[in-house]
Amino acid sequence: MFFARFALIFSAYFLASFVDALPLKLRAAALNVATCTDPATQLVEHDCNVALLGLGGGIAGAIEFLRVNAPSTTAVSGTCRVTATAVNGGTTIDISKGRLEGHGSANGGFDNLLTACGPSPGSMVIGGGSNDGGDIEIAISAA
């Protein structure tokens, strides 16, 4: 009985010491969940839409993908700044325009962020869209 208790206590101590030595990895933000950061700040929705289409040098018109060989891209129009950032291990951005915009999809997107927060500062992580299995965070802020 004494040996069993000793083994249990030693194992718990050893495991706790081992776990503390492991590097911590930050938990990924919840996918497709809007975080509204400043509802009192009202931006012009049209400005936010124009800024979205200005990402990566411009995705307006027939362009179907936002591809940026960098971890982040920002565009500004009038009152609004829109930023797309590779997160959760991604280092470059490669996401379809339709997925980035969302258009009522349950899989997140810019339209869903606007629906949740209105034209005010906030962010949302969209699953995928970055290399190395990373995701894309889309953020709206005041210009």
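Quantities reported herein were computed from a predicted structural model and do not represent experimental measurements.
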Would the distance check show the side chain of Lys97 and the main-chain N or O of Ala62 forming a donor-acceptor pair, the cut-off being under 3.5 Å?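 Checked: no pair found.
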Backbone N/O of Ala142 and side chain of Arg81: donor-acceptor pair under 3.5 Å: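 Yes, the answer is positive, given that a donor and an acceptor are paired below the 3.5 Å cut-off.
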If you measure from [atom1] on [X] to [atom2] on [Y], what distance do you get to the nearest 0.5 Å?
| X | Y | atom1 | atom2 | value |
| --- | --- | --- | --- | --- |
| Leu55 | Leu53 | CG | CG | 8.0 Å |
| Leu43 | Ser141 | CG | OG | 8.0 Å |
| Ile95 | Ser130 | CD1 | OG | 9.0 Å |
| Glu137 | Thr35 | CD | OG1 | 8.0 Å |
| Asn88 | Asp135 | CG | CG | 4.5 Å |

Specify the closest pair of heavy atoms between [X] and [Y], including all atoms of both residues, with the distance to one decimal.
| X | Y | value |
| --- | --- | --- |
| Ala143 | Val76 | CB-CG1, 3.5 Å |
| Ala34 | Cys117 | CB-SG, 4.1 Å |
| Glu101 | Leu52 | CG-CD2, 3.8 Å |
| Thr83 | Ser72 | CG2-OG, 3.5 Å |
| Leu114 | Ile140 | CD2-CD1, 3.7 Å |
| Phe110 | Val82 | CE1-CG2, 4.0 Å |

Residues in side chain to side chain contact (heavy atoms under 4.5 Å, CB included) with Asp47, at least two apart?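 Listed in chain order: Val44, Ser77, Thr79, Cys80.
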Out of Ile59, Ile93, Asp94, Thr73, which residue meets the side-chain contact (heavy atoms from CB on, under 4.5 Å) rule with Arg67?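 Checked Ile59, Ile93, Asp94, Thr73 against Arg67; only one passes side-chain contact (heavy atoms from CB on, under 4.5 Å): Asp94.
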Compare all side-chain heavy atoms of Val87 with those of Ile136 and state whether any distance is below 4.5 angstrom.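 Side-chain contact under 4.5 Å: no.
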Are the side chains of Ser96 and Glu64 in touch, meaning some heavy atoms are under 4.5 Å apart?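 The answer is no, as the side chains (C-beta and beyond) never meet within the 4.5 Å cut-off.
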When hydrophobic residues are tied together by side-chain contacts of less than 4.5 Å, even through go-betweens, does Ile63 share a cluster with Phe65?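 Looking at the clustering, Phe65 is in a separate group from Ile63.
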Would you say Val33 ends up clustered with Leu31 if hydrophobic residues are merged whenever their side chains have heavy atoms under 4.5 Å apart, either directly or through other cluster members?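 No, because Leu31 and Val33 fall into different hydrophobic clusters, even though each may have its own neighbours under 4.5 Å.
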Could you walk me through whether Ile138 and Ile126 pass side-chain contact (heavy atoms from CB on, under 4.5 Å), step by step? CA-CA 7 Å; Ile138 188 83; Ile126 305 165; 4.1 Å; yes
Do other residues, nucleotides or ligands put more than 12 heavy atoms under 6.0 Å from the CG atom of Asn69?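 For Asn69, atom CG is not crowded (no more than 12 foreign heavy atoms under 6.0 Å).
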Check the side chains of Thr91 and Asn131 for a donor-acceptor pair under 3.5 angstrom, ignoring hydrogens and angles.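 Yes - a donor-acceptor pair under 3.5 Å links their side chains.
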Would you please test Val68 and Thr92 for side-chain contact (heavy atoms from CB on, under 4.5 Å) and show each step? CA-CA 6 Å; Val68 180; Thr92 62; over 6 Å; no
